[in-house]
Amino acid sequence: MRKDFIMFKNVAVLLIFSVVAITSAQNQRIVQDISNNNWKLWLDPMAQWQNDVLFTPPVDVKKIPVNIPTGGWQALQKGESKAVHLPATVEEFHWGWNKNAFGVSGNYLGISWFTTEVKVPLSMKGKRIVLHFESVRFRAEVFVNEKLAGYDLINGTPFDVDITDYVTVGKSNAVAVRITDPNGNFDWRDSSNYMWGDYRTNPTHGFGGITGKVSLVATDHVFINDIFIKNKPKVNEIDAEISLTNNTPTAFKGNVLLEVREKKSGKSVWEKSFPVEVVTGDNTPLSFSIKIDNANLWDVDHPNLYVFKASFKNDKEVKDVTEKKFGFRWFEVKEVNGDKQFYLNNKRIVVRTAISWGFWPINGIAPSDELAKKQISDAKAVGLNMLNFHRTIGQTNVLDYADEMGLLYYQEPGGNQYPANQFNPKNELEKKQSDFYFAARDEKFFRMIKRDRSHPSLVIYNMHNERGAEPQKKDSLQMLAGHKLDPTRIMTYNSSNGPIKTGIDPRFKLHLLPYSNRFYNYGWFDQHHAGGPGVYHDNLYSNPKKYAKFTDNKEEIVYYGEEGAIGTPPRLQLIRDEILKKGKNIGWESDDYLKWYDAYDTFLKKNDFQKSFPNVDSLTRQMGNVSFYYQGRTIENVRINNTIDGYAVNGWESMKLENHSGIVDNYRNLKGDADLIARYNKPLYVAVKLTNKVLSVKDTTVVDFFIVNEKEIKGAFDLKVKATNNKKETVWIKTIPVNVAGGTTYGELLSAKNNFAPETEGYTMITAELVSKDNRVIATGADELFAVKLNKEKIASNIMVADTTGIVGKYFDSEKINFKNYKSGNPSGNCLVIGGFKPQQTGNPLVTDLLEWVNNGNTIVVINDIDIWATYFAKKEAADYRGFKTLGTSWYGGNYFVKETKWFDGLPQSCVFNWEYQCFATYNKNRVGLRMFNGETIVGCVSDHKQEVYSALTVMPHGRGKIIFCALDVFSCIKENELLKKAEGDGENASMKTFNVSAKNKANVVGQQLLLNLLK
């Protein structure tokens, strides 16, 4: 038998505004979506707006200037227009309006008009009629039948325009929205404010238009204007807050009828009726406590939703009916054995998320329902349990799908930052700026909370990202006011990239916890390590107490808020197909994507790479896998640590112009293979950690084994380990008795210091099975290594070295390779290796001793000062060289890829450089690509969003010989070899610094083998 606990109370609330709900069965509330009407978009570039007086809510439209189209209303009928449906932006249809579409040059700033005709049905007669806007950017002046009816500039948030007195019921009415786009960014920055005349505005993305849906809503003059479902620590209880508005001069007595039903089945599980009195105006919200025994809880694996229905009835007439979706769930911080941890529904959860900057295809700023759903399905495909609206306000359809499909969300309002001088204005101008700025800032934050606070997916609000200033009184007041609007969630002041102090630190740790107004300056440690390493490399795991992201800070929530940006290209072929499917080139970025694809496609075809990469998508997907593998292994580090509470990948979607580190591209295509991340997000597996994944044959790596365990597995088990080489031969078997703690110990070391030395070259797979005493396999895991056997066979018999640094010579000496030093003139050998050595000009400008020598069948291998030598040979007309490109790092990114070739014997081929090639691909290496237009490209490379492919290794025939230009950082691989040998010779007496160098540089054997190959 169900027990119902119902309590009625009054609760104060701030900032009431109308929201749109569905049409009730009694048809009391009428909602007409006019987004798909035939709208027209007009540009008004001559309109003046730069020095307008600006107004923050509440706005009396009778007291503000009326701005009609330049040339009068008839001008809209004469000028050129675009047929659009909403949401829509000017940039979607007019990027490059000024005949310059490059980069950000084609942005439109100024006035545009969105117009349509709306038939107001007779059924709306006598009702309150509003236009409900989900969002606009930046300022909207709303005209109905050529009269100004509404004004709003709190962009990205919902607002209503009461048009009751402006429309003619039963007829067609003209709606015109004047949009002002005064500024904006096309990257991630929300820290630099923009000026609009004398006013300082919140920075947002630079797209102008109606960025959400628009509805015509008719209600009785007594109506329900908001519902807030408040989750509670008792997870099967909620408080439902209902706000009523009475636009008549008479108080009403009536009843509120409440019902809760399961969304999926429609089954009613609770209902009740309460008498109420509704006074004139906005009434104090009514609060009802509801308890559902055996409620189906909402979580990321079981997103059970309910529908709360509220009806207001006066006498026998139902005045209004509205509904709100919600879930029974509770997200909080608990302390367990001195360790602060996140809990969802009384079960520990470690959040894995990614930061989304809020860019979308075509219109730039607003997702279609299809893309919103794809966003959530992508995140779940890679095993994430959260996403972040980062430095920008989110969209409601994304949260709707997160609710329905099971994904947590973290939200920032974006643009909540400010210059310090706004706190204490020194003159009237600064006071004007300050008053406007803070009014707009706070209103946006409060509207965001009111809009989203009933979504079960949303669990954390953050005020600023990487705010450098200490919190001020205005910040505290803003946080408290927001927390009063929604006391059910965690609210933080800052997500941080600065030097976080040990102990109390209000600048970086200030936060509020659910249902408490107490500010905490300790207990929340959010640190950013935004830049990535390029690829996964061996220094990211050294031992169970030393690895990337290791922490023992149990006294605080440890949340790594921006981590490991590795830029890779979008899925260009998939995007191209999507653009061409539409049959036309629309949107602010489509033309760039098509040119980007063409550059990659042309390179693959012209340079004989198609055997290794059959199409552009096979190339870009493998590039995405580089980032995916790194992020997966780093997430594994987070989970074996057991102290870390949250990890955010930098980032989620890639942008057209800057951030390319996304897990998905802007069209929400996963940029790599989902399993490369998903396997490390599984709730139960054995983590196999190698101290060295790349090493020489017979060299030793240490293997440690951990369990990732969110399934409460515990007790005594056997860990069965084996290694299998690339010939499918089992070369190592070991059984290790282990104990598993279980419970809230989600990451645990099972066995350490297991030594393994590969006897054969190539890949070796090390697998582990956790086996119960009755011989059941409970969990499995694996990792692989790549071993190189240095092959000096058939290298040139008579090598010369031009290298004033001595590094090449020392390496050859260490490997017992005979050589002679080259000074000048005609080399006496058959292969010349050029290291640190400058060209020497002799004789005829088109002839040198070196070129004559190559002409006769000899080889030059350039491994250093590559631009100097390529330029030198270009002047001799031997190389068609047109400069170089330094490859991007972190969120810009740059990748190498190699085709099938004899030059890489004994090394991975037909692949993008991943962890096997960490000696070349890590961001701390010298990474350049050559614009080389003759010769054979062996290794190609790309950088950020440049529509070009470069060469990192070119073999250039010259006469009967050849010149090899190797832009890969071979030089560092042989230079660091000396430190490695010194460390090995010092043994236990080696300094820690030297030991670290040696440990991370065993992988340089790959670069050494490539050099030997070039000498063959």
Side-chain angles (χ1 to χ4, degrees), residues 35 39-52 54-55 67-70 76 79-98 100-101 103-116 133-143 150-159 175-187 189-190 193-197 199 201-214 357-367 392-393 395 414-415 440 444 586-590 655-657:
S35 307
W39 290 78
K40 288 186 176 181
L41 165 60
W42 316 74
L43 296 188
D44 193 354
M46 301 303 294
Q48 298 301 302
W49 53 272
Q50 293 88 341
N51 296 306
D52 282 357
L54 304 182
F55 303 89
N67 300 303
I68 68 172
T70 303
L76 293 183
E80 179 184 351
S81 67
K82 298 280 187 181
V84 306
H85 298 296
L86 306 180
T89 64
V90 172
E91 285 71 23
E92 175 180 353
F93 297 94
H94 291 288
W95 188 262
W97 64 282
N98 57 359
N100 182 10
V104 297
S105 302
N107 183 33
Y108 177 78
L109 294 183
I111 303 298
S112 59
W113 290 85
F114 290 77
T115 64
T116 192
F133 290 81
E134 284 187 345
S135 65
V136 303
R137 189 187 180 280
F138 190 97
R139 177 180 65 181
E141 296 161 276
V142 183
F143 292 82
Y151 176 104
D152 196 84
L153 48 59
I154 310 301
N155 62 86
T157 65
F159 64 96
V175 174
V177 184
R178 184 180 189 257
I179 295 292
T180 310
D181 177 1
N183 50 45
N185 60 54
F186 293 94
D187 57 32
R189 293 169 179 83
D190 73 338
N193 304 132
Y194 297 103
M195 298 302 296
W196 179 350
Y199 299 88
T201 65
N202 300 96
T204 52
H205 298 329
F207 301 95
I210 301 178
T211 56
K213 295 179 180 179
V214 180
W357 297 279
F359 286 88
W360 297 89
I362 310 301
N363 65 52
I365 197 171
T392 187
I393 192 171
Q395 299 87 12
K444 182 177 183 179
I586 63 170
W588 76 292
E589 56 188 356
S590 298
M655 305 176 192
K656 163 187 168 181
L657 297 174

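The basis for the numbers below is simple: all heavy atoms, side chains too, and nothing from hydrogens, waters or symmetry mates.
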Do Phe133 and Val214 have side-chain heavy atoms sitting under 4.5 Å apart? yes

Could you grab the distance from atom NE2 of His205 to atom CG of Asp187, nearest 0.5 Å is fine? 8.5 Å

So, do Ile210 and Pro87 sit near enough that their side-chain heavy atoms are less than 4.5 Å apart? no

Can a donor-acceptor pair be found, under 3.5 Å and without considering hydrogens, that links the side chain of Trp97 to the backbone of Asn107? yes

CE/Met46: more than 12 non-hydrogen atoms of other groups inside 6.0 Å: no

Quick one: closest heavy-atom pair of Asn363 and Thr89, and the distance? O-OG1, 2.9 Å

Please confirm whether the backbone N or O of Tyr194 pairs with a side-chain atom of Thr201, one donor and one acceptor, at under 3.5 Å? yes

How far does OG of Ser135 sit from CD1 of Ile393, to the nearest 0.5 angstrom? 8.0 Å

Would the distance check show the side chain of Glu92 and the main-chain N or O of Gly364 forming a donor-acceptor pair, the cut-off being under 3.5 Å? no

Minimum heavy-atom distance Gly415-Asn202, with the two atoms named: O-ND2, 2.6 Å

Tyr199: partners by ring-ring contact (aromatic ring centres under 6.0 Å, His included), with sequence neighbours left out: Phe436

Return the set of residues passing side chain to side chain donor-acceptor pair (under 3.5 Å) with Lys444 (not counting sequence neighbours), or none when no residue passes. none

Do the side chains of Phe359 and Phe207 get nearer than 4.5 Å, heavy atoms only? yes

Which residues pass the salt bridge (Lys or Arg N to Asp or Glu O under 4.0 Å) test with Arg137, sequence neighbours left out? Asp181

For Glu141, salt bridge (Lys or Arg N to Asp or Glu O under 4.0 Å) partners two or more places apart: Arg139, Arg178

Side-chain heavy-atom pair Thr392, Asp190 within 4.5 angstrom cut-off: no

CH2 of Trp95 to CD of Glu589, rounded to nearest 0.5 Å, is 9.5 Å

All ring-ring contact (aromatic ring centres under 6.0 Å, His included) counterparts of Trp113, not counting sequence neighbours: Trp73, Phe143

Nearest heavy-atom neighbours spanning Leu153 and Tyr151: CD2-OH, 3.7 Å

I'd like to check Asn183 versus Phe138 (side-chain heavy atoms, cut-off strictly below 4.5 Å). Are they in contact? yes

Give me the atom names and distance for the closest heavy-atom approach of Gly197 to Asn51. CA-OD1, 4.2 Å

Distance in Å, Trp357 CH2 paired with Arg189 CZ, rounded so as to fall on 0.5 Å steps: 11.5 Å

Given 3.5 Å as the limit, does a donor-acceptor pair link the side chain of Glu134 with the main chain of Lys213, or not? yes

pair Trp49-Pro182: side-chain heavy atoms closer than 4.5 Å: yes

Between Thr211 and Ala366, the two heavy atoms sitting closest are O-CB, 3.3 Å

Heavy-atom side-chain contact between Leu41 and Val90 under 4.5 Å: yes

Sequence neighbours excluded, the answer for salt bridge (Lys or Arg N to Asp or Glu O under 4.0 Å) partners of Lys82 is none

Quick one: pull up OG1 in Thr70 and CG in Leu43 and give me the separation to the nearest 0.5 Å. 11.5 Å

Using the ring centroid of each side chain, check whether Phe93 and Trp39 are separated by less than 6.0 Å. no

Between CG on residue Asn67 and OG1 on residue Thr180, distance to nearest 0.5 Å: 7.5 Å

Kindly indicate whether the side chain of Asn193, heavy atoms from C-beta on, has any atom under 4.5 Å from the side chain of Pro203. yes

Looking at Ile154 and Asp152, what are the two nearest heavy atoms and their distance? N-OD2, 3.1 Å

